[in-house]
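Okay, so here's the structure we're looking at.
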Amino acid sequence: MLAKALYFHNKNNMQTNWKTRKKSLAFVTLSSYLLLSNWAQSGGLEQLLMQLLDSVLYTLLGILGAVFANLSGAGGGVVFIPVFNSLGLSEAQALSTSFTIQCFGMTAGAITWCLHYRNAIKNTGVEQAPEQLNHWQPFLPVVAITSLCSVAGIYNAYTGDFTPPGSLPKLFSIFSIALGASLLCQLLLTRRSSQTNALTMPGGLKKIDYLCLLFIGYFGGVITACLSVGVGELLVFYLLIRGFNIQLSLACAIVVTAISVWSAALTLNGLTTGWLSYQPVWQLALYAGPGAVIGGLVAKALVAKIPPLRLKFLLALWILLMGFAG
């Protein structure tokens, strides 16, 4: 018994040490990347320090945007676009850079949630209640239908005769107000669904759901093409109204958003004419991108440690403030 106890004690210590080493290795790798990339571009110590400060701020921006995107289901453009407007970027630069960064962060978040879905399906056992097994059944059809329609909406918005009804700051201000209000509504819906017996939650999709997903996907894609955010928030809001599980709603929204931003970036990159051209600011994107990967990976862990209702309430107030200020 003593030998067995010592074995498990040493095993736990080794696992803890390995986790600590992985975090240290990630920190050293990111720090070295920032330092070496700035050193290669700098002409002196003062310029190196200024570039290093900018790169650290851009990396933190990527982390913040990805964490918010993966906690709320909305895209990181809610964080990126106001910052890019304040930096004086053009609409093409702001949208293109936002899409490029989100390709990093939303993909990391989507992979994390897809692995969670696979484990939830794989670990279905006798000890689990039947209602818990049904929570993830709509995942694949919701993602497939909404993603295809979103890609179609983005493609038509960029290649057709569509033009935005206003400037980016004005449209984003209106959307921010609507997004903040929808997050507050999500709080009420989430609290209601948590107080409802799991047996009353819908286990599958109805015919009306398929029609609504077609509508949300296409018009959400059009909004995403104009603002780099939109389809994910519409989707998570609808799924919560229908009473689906909060984790399922977030997972579907994040995966759909990841597919949508990749579609937007690839479509813009292949266009030679249109109302928007692909002009990302690579110096910003190459620093914020790795930060977005970190944010996308840690967001799911934050959901388990930070009360999501309180966090969403603060985010909703902040977004409303940005919308009214813009």
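All of these numbers come straight from a predicted model, not from anything done at the bench. Hydrogens, waters and symmetry mates play no part in the numbers below; they use all other heavy atoms, side chains included.
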Review point. With the 4.5 Å side-chain cut-off for hydrophobic clustering, are L271 and Y155 part of the same group?
Key: no
Check your understanding: Would L321 end up clustered with I174 when hydrophobic side chains under 4.5 Å apart are linked, directly or stepwise?
Key ->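 Different hydrophobic clusters.
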Any donor-acceptor pair under 3.5 Å linking the side chain of [X] with the backbone of [Y]?
X: E91; Y: L168; answer: yes
X: S173; Y: K170; answer: no
X: S96; Y: A92; answer: yes
X: T59; Y: Y287; answer: yes
X: Q93; Y: V281; answer: no

Any [X] side-chain heavy atom under 4.5 Å of [Y] side chain:
X: S260; Y: I154; result: yes
X: P290; Y: I294; result: no
X: L320; Y: L184; result: yes
X: L284; Y: L87; result: yes
X: I81; Y: N85; result: yes
X: L171; Y: P164; result: yes
X: V255; Y: F139; result: yes
X: F99; Y: P280; result: no

Using the side chain to side chain contact (heavy atoms under 4.5 Å, CB included) criterion, which residues pair with [X]? Sequence neighbours excluded.
X: S147; value: V143, V256, I259
X: S176; value: F172, I319
X: V293; value: F104, A108, L297
X: F175; value: L179, I223, L227, V229

Under the side chain to side chain donor-acceptor pair (under 3.5 Å) test, which residues partner [X], sequence neighbours left out?
X: T100; answer: Y278
X: T107; answer: W262
X: T267; answer: none

Check your understanding: Given a cutoff of under 4.5 Å between side-chain heavy atoms of I, L, V, M, F, W and Y, with clusters grown through shared members, what are the other residues clustered with L148?
Key -> none
Review point. Taking ILVMFWY side chains as joined if any heavy atoms are under 4.5 angstrom apart, and letting links pass through other members, which residues group with L115?
Key: I111
Exercise for review: Just jot down the ring pair (Phe, Tyr, Trp, His ring centres under 6.0 Å) partners of F219, sequence neighbours excluded, or say none.
Suggested key: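 Partners of F219 under the ring pair (Phe, Tyr, Trp, His ring centres under 6.0 Å) test: F215.
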Revision key, fill the gap. Applying ring pair (Phe, Tyr, Trp, His ring centres under 6.0 Å) to W275 and not counting sequence neighbours gives Y158
Review point. Can you list every pair that meets side-chain hydrogen bond (donor to acceptor under 3.5 Å, both in side chains) and has a residue in residues 207-228, with sequence neighbours left out?
Key: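 side-chain hydrogen bond (donor to acceptor under 3.5 Å, both in side chains) check on residues 207-228 returns S98-S228, N156-Y218, D209-Y238, D209-R242.
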Check your understanding: How many angstroms lie between atom CG of L205 and atom CG of L211, to the nearest 0.5 angstrom?
Key ->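 Here the interatomic distance stands at 11.5 Å.
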